[in-house]
Amino acid sequence: MKSKIDIKNLNLFIGKQQILKNVNVQIPENKITIILGPSGCGKTTLLKSLNRLTDLYEDVKVSGEIIIDNEDILHSNQDVTAIRKKMGLLAQRPYPLPMSIFKNVAYGIRISDSENKKTIPQRVEYHLKQVNLWDEVKDRLHSPASRLSIGQQQRLCLARGLAVDPEIILADEPTSALDPISSQAIEQKFIELKEQYTVVMVTHILRQARRIADYVIFMYLGEVVECGTAEEFFSNPKEERTKAYLKGAFN
Amino acid sequence: MKLKKTEEIFFKFLMYISVSFITASLFLIVFSIFYKGLPSLSWEMVSETPKGGFYFGKEGGILNAIIGSLYLSIGATILAMLFGIPIALFMNVYLRKYNRFVNGIRFFLDLLWGIPSIVYGAFGFTIMVMLGIKTSLLAGIITVSIFILPIMVRALDEVLKTVPVGLFEASLSLGSTRSETAFRVFLRQTIPGLATAILLSFGRAIGDAASVLFTTGYTDHIPTSIMQPTATLPLAIFFQLGSPIEEVRSRAYSSALILTIIILLISVISRIVSAKYNKHRIKF
Amino acid sequence: MRFLSRKIRDKSSLFWMVISLVILLLMPILLAVGLYLKSLPILQEQSFWDLLTESDWKPMQGKFGFLPFITSSLWVTFLSIIIATPVCILTAIYLTQYAKKRVLAIMQPIIDILAGLPSVIYGVWGVLIVVPFISKTVAPFFGLQTSGYTILAGAIVLSIMVIPFILNILIEVFRTIPEELTEASLSVGATKWETIKYVLLKKAFPGIISATGLGVARAFGETIAVLMVVGNVVKVPTSVFDSGYPLPALIANNYGEMLSIPMYDSALMLAALILFGIVLLFNFLSRMAIIRSEKNQ
């Protein structure tokens with residue numbers, strides 16, 4: 001198993017409060033890795049430190065290393081926008097940009113790659129098809145994205161993220177605002193996408209993790225309690241706290 | 001028990017009086033301006049500049065003041081936007097994580113907002129004397145834009161504050177720089193609110209007299225360059241009202257009517273624009 | 001190439017933003033320093049305290065006593081606040097506690113339009129309605145004779161100008177009081193009025209003080225409208241039916257024509273500096289009070 005992201009001794013403080021405590025994990029390439037744990041355990045913070053969105057918050061201090069493709073992104077002198085472009089983010093609820101459906105997908109392509117202006121319509125179509133949204137929106141590509149249903153918006157956000165050719169997809173409870181059918185569509189999509197991408201997803205829904213995880217990282221109070229393959233994790237947990245969580249003690 | 005009830009009824013009665021007092025004041029003001037202003041309002045008033053003997057009640061109009069006011073307030077609004085929009089974006093995009101610093105700027109702006117325009121006007125005039133600049137449209141535009149800048153920034157800031165952090169993160173995750181996020185996402189997301197904020201500043205600019213009293217000068221001509229002095233509506237009203245001649249005074253009333261109509265129009269337009277945007281009203 | 005140009009655009013817009021912010025922050029400092037430097041000549045010649053307490057204003061003879069202007073400003077300001085504040089408190093309570101949502105929706109534009117009317121319009125209205133009302137109705141009622149251009153006229157016009165300003169803040173103050181507080185009081189058996197009297201007003205008290213303070217600052221600096229109705233006679237007023245001559249009016253009426261008389265220029269700049277200082281002080285104290293009370297909640 002080849003690892004895509006290698007996190008070493010990651011500590012993160014907000015003010016004096018320690019949010020992440022000495023996190024050491026590896027995230028395998030072309031697999032779905034689920035970060036699991038009760039709310040407030042630091043899952044989302046861990047996810048956001050991967051593409052340095054933690055820079056946006058005041059008083060955040062990070063130490064340790066996050067190595068992606070042999071480069072420590074925390075201490076890289078590479079442009080942060082280039083690091084972020086490598087990772088598509090799917091948030092808890094969809095945040096379509098204030099523009100048309102077409103432009104939402106084209107936005108990332110336009111700002112990062114001006115050479116192939118002519119191919120933009122094809123690429124938009126390709127990515128909308130990739131998330132099974134094309135048939136639903138092909139007649140109204142130029143109407144505002146805000147008119148779509150929330151499930152459609154979330155798929156649009158996924159297409160928008162895929163359009164900048166990321167290698168990694170970060171998802172922060174991407175189904176929490178969606179109805180069961182839309183949730184299922186997203187989950188299904190992730191299983192297909194892992195052929196080409198490394199998927200990291202945060203969730204607190206145990207059943208969702210069981211359905212799609214290849215690899216699980218279980219966090220509790222800022223620490224990684226246990227991590228391993230999904231099979232191993234669900235059938236043969238080693239830690240007491242994991243066992244308690246799987247029985248539903250923390251929920 | 002009965003006493004308590006009486007007390008409540010008494011105060012409720014006072015409340016009704018207060019609400020009626022405020023409502024009546026507005027209608028009384030607007031009504032009296034219309035009542036006195038309408039009779040002498042004519043096409044000549046709004047389409048001609050003052051002719052010889054205008055200030056003795058002879059023919060002519062106040063087109064010079066109307067155009068002058070529009071030039072002045074449009075110029076000042078644009079100049080203020082040139083600085084105000086970047087500042088508001090800077091506060092809400094770049095400085096978003098430095099909450100205490102941004103709140104400090106807000107506090108500062110709130111203080112500035114209360115400084116009377118006469119102080120700006122007097123100060124502007126002193127600077128002009130020092131630099132040897134004559135009263136002109138340009139001097140007025142600069143003074144007024146300094147005076148409306150804090151108002152505009154604070155109003156824009158109130159609007160930009162409402163952009164959810166999730167949208168910010170989404171834009172950054174796509175690899176946009178912060179300036180791309182600011183100008184392409186934040187501005188676009190808040191267009192109706194921004195328009196309202198800018199209209200509010202425009203309204204301040206066109207209505208203020210004290211800041212232009214010494215800086216723009218006054219002339220009967222429509223200015224053809226920003227280095228020329230210009231008349232403005234508030235001053236046209238102010239000067240004509242001071243006249244001992246009845247005809248001139250009644251023209252002051254119709255000039256006031258014109259200014260009132262402009263202000264009411266701005267108010268209506270911004271209400272229409274922000275109709276979709278009622279969640280976060282700008283409060284002043 | 002493309003990446004580089006994006007980078008340059010990012011840096012240059014950041015540069016412009018920083019420059020703009022610096023200009024904005026420097027402006028008032030520049031203003032204060034400039035006003036101070038221009039008022040230095042008169043301050044070096046006469047003591048500040050004497051200038052404030054002398055009532056002789058004869059620029060030609062070099063006598064600059066600010067007392068008439070300061071007392072006029074104080075009279076007009078406090079009288080207008082005394083009229084405006086109760087009206088605003090009562091209206092804010094009514095609109096947030098008793099009135100239906102629809103009434104507030106109707107009142108909001110009325111308040112906003114009042115707030116947006118230019119001061120010269122208020123002035124015209126004052127000349128048309130308030131001044132004659134005082135000379136023909138109010139003064140005769142007290143057995144007095146006056147032209148109507150009085151402190152009282154200034155205060156009435158000013159009170160209506162500051163009402164929308166104070167009212168908007170108060171509505172916000174009452175709106176942010178948590179509903180649970182009202183419910184808690186009602187559920188122990190208090191009537192609605194008792195709840196307002198003992199709970200809401202108490203909770204809103206710091207907010208009311210701040211709103212009033214901001215109103216004072218606002219009223220103190222108002223120029224044109226007051227100038228048009230207050231009479232502009234240099235004399236320490238002793239009754240509301242006297243004419244007055246507030247500080248802003250002093251500057252507005254004389255600035256621009258005073259360059260030939262020595263010290264006149266400096267005296268008027270001192271007037272502007274005093275105005276600036278007082279307004280800033282009231283604003284500062286009121287805003288601090290708001291922040292304090294927000295922290296305590």
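Letters A, B, ... mirror the listed sequences (proteins, then strands); counts begin at 1. On a predicted model such as this, the values are computed, not experimentally measured, just so you know.
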If I measure from the heavy atoms of chain B, does [X] come under 4.5 Å with its side chain, its backbone, both, or neither?
X: C:Tyr98; answer: side chain
X: C:Val279; answer: side chain
X: C:Lys11; answer: neither
X: C:Arg218; answer: side chain
X: C:Leu24; answer: both
X: C:Met288; answer: both
X: C:Leu21; answer: both
X: C:Ile129; answer: side chain

Please determine, among [options], the option with the most heavy-atom pairs under 4.5 Å with chain C.
options: B:Val153, B:Leu213, B:Leu111; answer: B:Leu111
options: B:Val119, B:Leu89, B:Ile206, B:Ile105; answer: B:Val119
options: B:Ala122, B:Gly84, B:Ala88, B:Gly203; answer: B:Ala122
options: B:Phe183, B:Phe21, B:Phe123; answer: B:Phe123

Residues 33-40 of chain C: residues contacting chain B (heavy atom under 4.5 Å, by number) =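 So far as heavy atoms go, C:Gly34, C:Leu35, C:Lys38 are the residues that approach chain B to under 4.5 Å.
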Let me know if [X] has heavy atoms under 4.5 Å from chain C in its side chain, its backbone, both or neither.
X: B:Ile17; answer: neither
X: B:Asp208; answer: neither
X: B:Tyr16; answer: side chain
X: B:Ser267; answer: side chain
X: B:Leu112; answer: side chain
X: B:Leu14; answer: both
X: B:Phe238; answer: both
X: B:Leu28; answer: both
X: B:Leu235; answer: neither
X: B:Phe108; answer: side chain
X: B:Leu26; answer: both
X: B:Ile29; answer: both
X: B:Ile115; answer: both

Verify the distance criterion only: is there a donor paired with an acceptor across the side chains of [X] and [Y] at less than 3.5 Å?
X: B:Arg106; Y: B:Asn103; value: yes
X: B:Ser171; Y: B:Ser176; value: yes
X: C:Ser210; Y: C:Ser286; value: no
X: B:Gln240; Y: B:Ser255; value: yes
X: B:Asp157; Y: B:Asn92; value: yes

Partners meeting side chain to side chain contact (heavy atoms under 4.5 Å, CB included) with [X] (sequence neighbours left out):
X: C:Thr96; value: C:Ile171, C:Phe174
X: C:Thr91; value: B:Ser18, B:Val19, B:Ile22, C:Val87, C:Leu95, C:Leu167
X: C:Ala211; value: C:Ile166, C:Ile169, C:Leu170

Just so I understand: if I count every heavy-atom pair under 4.5 Å between each of [options] and chain B, which residue has the most?
options: C:Leu214, C:Val120, C:Ile163; value: C:Val120
options: C:Leu117, C:Ile196, C:Leu227; value: C:Leu117
options: C:Val127, C:Thr223, C:Leu31, C:Ile110; value: C:Leu31
options: C:Ala272, C:Ser119, C:Pro28, C:Ser13; value: C:Pro28
options: C:Ile106, C:Leu14, C:Leu128; value: C:Leu128

Using a 3.5 Å distance criterion without hydrogens, assess whether the side chain of [X] forms a donor-acceptor pair with backbone atoms of [Y].
X: C:Asp10; Y: B:Ser179; result: yes
X: B:Thr177; Y: B:Glu180; result: yes
X: C:Trp125; Y: C:Val130; result: no

Would you call C:Glu172 and C:Arg175 a salt bridge, taking side-chain N to carboxylate O under 4.0 Å as the test?
-> yes
Can B:Arg154 and B:Glu158 be counted as an ion pair, charged N to O under 4.0 angstrom?
-> yes
Side-chain heavy-atom pair C:Met269, B:Thr126 within 4.5 angstrom cut-off |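 C:Met269 reaches B:Thr126 side chain to side chain.
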Would you check if C:Pro246 and C:Phe220 make a side-chain contact, meaning some heavy-atom pair closer than 4.5 Å?
-> no
Take atom CZ of B:Phe239 as the centre, draw a 6.0 Å sphere, and report whether it contains more than 12 heavy atoms from other residues, nucleotides or ligands.
->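 Yes.
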Heavy atoms of other groups near C:Tyr94 OH, more than 12 under 6.0 Å =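 Yes, because the 6.0 Å sphere around OH of C:Tyr94 holds more than 12 heavy atoms from other groups.
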Ring centroid separation B:Phe27 to B:Phe31 under 6.0 Å |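 That pair fails the under 6.0 Å test.
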I would like to know whether C:Ser80 and C:Ser159 meet side-chain hydrogen bond (donor to acceptor under 3.5 Å, both in side chains); could you show each step before the answer?
-> CA-CA 4 Å; C:Ser80 72; C:Ser159 68; over 6 Å; no
How are the rings of B:Trp113 and C:Phe165 set to each other: parallel, tilted or perpendicular (split at 30° and 60°)?
->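 Answer is parallel, since the angle falls under 30°.
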Value for CD1 (B:Ile262) from CG (B:Leu265), rounded to nearest 0.5 Å, stands at 8.0 Å
